[in-house]
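Below is one structure, written out as structure tokens; the observations come after it.
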Amino acid sequence: MSNFKIVFSGPVGAGKTTAIASISDFAPVSTNENASDMTRERKPQTTVALDYGVMKLDGREKIHLYGTPGQERFNFMWDILTSGGLGLVLLLDNTRKDPLKDMTFFIDSFRDYISQTALAVGITQTDIASVPRLDIYNKKLREMKISAAVFEVDARKQADVSLLVQSLLFTIDPGLEY
Amino acid sequence: MIFSKKSKVQQNSRTAVSFIGFDRRSEKAFEIFFRTYCKDQYYHTKNHTSSSITIVDMDCYKVEEEIYELHNSHPGRQLIALSLNQKRLDIDNCILVKKPINHTEFAKLLSSINAGKKVSKHAAMEPEKNWTRKPQETKYKPLHRETKPAASKSPTNTANAAHLMGETNENLFVGSNPDIDLQKPREFLKIIYSPDKMFQGALQRGWEKALNQQKLVELIFLSHTVFLDGKNHTASTALNDSVLRPMCLMESEDQVIIRLVDCIPSTEQRNKTEKRIYNYPIDAFIWKVSLWSSRGRILQNTDINKPVFLSEWPNLTRLQPIPHALRIAALLTQNPRPLGDISTELNIPQRYVFGFYSAANALGISGVSKRTADALFEPKTQQAPENRSILKRLLGRLAGQSSETQESSLPHTITHQ
Ligand SMILES: Nc1nc2c(ncn2[C@@H]2O[C@H](COP(=O)(O)OP(=O)(O)O)[C@@H](O)[C@H]2O)c(=O)[nH]1
Ligand SMILES: [Mg+2]
């Protein structure tokens with residue numbers, strides 16, 4: 001049985017947990033720690049560990065959705081995350097100090113993976129900060145010779161997240177049909 | 001345990017594993033690994049006393065002390081030490097594994113230990129690159145499609161893609177022109193339009209002015225006004241769609257006044273009938289006006305045989321949806337192609353491609369390529385059929401999700417005055 005995965009990454013607060021929750025079949029197994037944990041002083045929504053969600057397809061297949069802040073390039077999680085990976089959904093929080101730098105950082109650290117699979121970029125919190133605008137992100141991507149859809153996304157909106165993931169699938173294979 | 005609370009009985013038949021030197025994130029990864037790759041044979045415990053195997057991250061600072069402590073209190077304990085540079089540990093019952101870890105190999109290793117088999121003390125693993133797509137040598141390759149006769153370019157093919165549009169609604173944006181024979185130049189007349197002579201052209205000129213001067217521009221047409229804000233990249237108007245759309249279809253020639261203004265007049269100064277103001281991100285406004293104006297046609301003087309490029313994806317989550325926009329964007333961002341080829345390759349009516357192109361052109365992200373078809377990016381590989389079937393089913397699910405809510409999250413916000 002195939003084991004397909006989509007990895008959601010991006011800085012803390014970019015909307016990974018929320019985005020997975022928006023399209024997962026069950027409330028994501030958010031591994032946010034509870035109050036008994038030593039990490040409790042962090043803000044409650046912050047992802048401490050790993051988000052996990054599933055989309056069941058008809059038949060027996062599942063698409064696994066993983067959320068990760070992307071620090072595990074060299075640890076155990078990497079192989080688990082990337083084997084059978086369809087691609088990377090990179091979420092960037094437009095209210096952060098330098099979201100373009102965030103983008104460069106994440107693309108650099110996932111570069112191998114992206115070059116073998118596909119990338120889609122969602123810019124979140126644009127309702128709060130409208131700049132940088134998308135053309136700036138697109139320009140940077142062209143400089144980096146990376147082809148990816150860049151959409152404004154509100155991670156709380158299923159339709160937004162769904163369109164972004166669809167763009168990832170079509171980037172993998174534009175010949176796909178509904 | 002995050003995934004499921006297993007009963008005591010069930011847990012007893014499984015092997016308990018404890019960890020030293022890992023953060024919670026990695027521990028969670030192991031839990032997922034145990035569940036998905038090891039058929040739940042193992043479970044994570046925080047209690048070293050009750051575990052049979054302990055996995056250690058050797059790259060954790062000062063982890064050795066903790067290991068020796070554990071070894072002293074539980075001398076027979078099986079240890080698995082993971083490290084980047086195969087640090088040595090002077091301990092029996094310790095297997096060294098070099099990072100990065102290959103999960104399949106690691107699962108085998110665990111099961112050998114569990115079965116009491118003898119295992120080599122050094123297990124090096126190469127990470128498995130079991131990704132769905134492999135790099136490809138050829139630069140430009142037309143899409144290989146599931147072959148279907150051309151006649152199957154049917155309405156049903158587009159019906160699903162148009163998920164959120166009724167057929168009449170769709171006509172407003174992409175028209176209803178049948179495909180033309182692109183070998184016959186005389187037929188071109190049926191598929192061209194002249195935005196310069198229409199409201200669309202005035203809008204584009206006005207926006208250019210607003211943007212260049214970073215100021216507010218007012219467009220006046222038939223005593224209606226639209227304000228374009230060059231700083232905030234917005235358009236605002238009291239016109240609703242039922243007035244705006246017919247305006248887009250008229251030949252306006254030079255009747256649209258374009259002028260710089262200092263501020264948007266307050267409600268009192270404006271027509272009393274202007275009860276509410278529609279605010280659009282400028283791209284959403286230009287996109288919609290261009291679709292209404294082109295109705296599935298392309299700009300006059302477009303060389304239909306030259307490839308067209310798309311320099312970036314339109315911001316499709318915030319634009320009026322049209323059928324197949326995602327597919328067209330995905331294909332065109334890979335390589336410039338002639339418009340006719342796109343509709344053939346995607347097996348869709350030409351009007352969708354033409355409408356998309358006209359709107360993207362108005363946004364300034366698409367145009368006729370100066371050079372012949374040159375690859376901007378390495379084209380993506382054809383998927384294996386079984387992958388394709390899964391991608392297709394996933395797509396079907398996602399399309400259902402995006403259709404339900406998208407109309408309500410469309411661009412404009414309404415300000416009640
Ligand atoms: N205003 C606004 N809030 C958002 C948007 N996307 C996500 N959020 C919120 O941002 C917060 C952080 O999201 P979360 O999923 O926890 O981020 P994570 O750290 O990447 O997992 C949550 O409260 C979300 O509801 C957006 O586009 N706009
Ligand atoms: Mg999170």
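Throughout, protein chains are lettered first and strands after them, A, B, ... in sequence-line order, and every chain is numbered starting at 1.
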I'd like to know whether A:S147 forms a side chain to side chain contact (heavy atoms under 4.5 Å, CB included) with B:Q334, so could you lay out the CA-CA distance, the side-chain angles of the two residues, the decisive distance to 0.1 Å, and finally the verdict. CA-CA 8 Å; A:S147 173; B:Q334 272 186 9; 5.8 Å; no
Which distance, rounded to the nearest 0.5 Å, do you find between the OH of A:Y52 and the CZ of B:R35? 4.5 Å
Hey, does the side chain of B:T317 reach the backbone of A:V153 with a donor-acceptor pair shorter than 3.5 angstrom? no
Return a table of donor-acceptor pairs under 3.5 angstrom between the side chains of residues 127-134 of chain A and protein atoms on other chains or two or more places apart.
residue: A:R133; atom: NE; partner: B:H233; partner atom: ND1; Å: 3.4
residue: A:R133; atom: NE; partner: B:H233; partner atom: NE2; Å: 3.3
residue: A:R133; atom: NH2; partner: B:K231; partner atom: O; Å: 3.1

For B:R397, is it the side chain, the backbone, both, or neither that has a heavy atom closer than 4.5 Å to a heavy atom of chain A? side chain
Between A:A148 and B:W313, the two heavy atoms sitting closest are O-CD1, 3.6 Å
Any idea which heavy atoms bring A:F170 and B:L395 closest together, and the distance? CZ-CD2, 3.5 Å
Would a distance-only check, ignoring hydrogens and angles, find a side-chain to backbone donor-acceptor pair under 3.5 Å from B:N315 to A:F151? no
Are B:L326 and A:L163 close enough that some pair of their side-chain heavy atoms sits under 4.5 Å apart? yes
In terms of side-chain geometry, is the basic nitrogen of A:D173 or B:R327 positioned less than 4.0 Å from the acidic oxygen of its partner? no
How far apart are the closest heavy atoms of B:A330 and A:T171, and which atoms are they? CB-N, 4.1 Å
Residues A:S162 and B:L398: closest non-hydrogen pair is OG-O, 2.7 Å
Salt bridge present between B:K392 and A:E177 (N-O < 4.0 angstrom): no
Decide side chain to side chain contact (heavy atoms under 4.5 Å, CB included) for A:D135 and B:E312; before the verdict, give the C-alpha distance in whole Å, the side-chain angles of both, and the deciding distance to 0.1 Å. CA-CA 8 Å; A:D135 53 341; B:E312 61 196 50; 4.3 Å; yes
When the 4.5 angstrom heavy-atom criterion is applied to B:D283 and chain A, the contacting part is neither
For A:L57 and B:L394, work out which heavy atoms get closest and say how close. CD2-CA, 3.7 Å
State which residues pass side-chain hydrogen bond (donor to acceptor under 3.5 Å, both in side chains) with B:S366; sequence neighbours excluded, sorted by chain then number. none
Less than 4.5 Å to any heavy atom of chain B: does that hold for the side chain of A:I23, its backbone, both, or neither? both
Where do A:D154 and B:R318 come nearest, in terms of heavy atoms and distance? N-NH2, 3.6 Å
Mind checking the CD-CG spacing from A:Q166 to B:L391? Nearest 0.5 Å is all I need. 12.0 Å
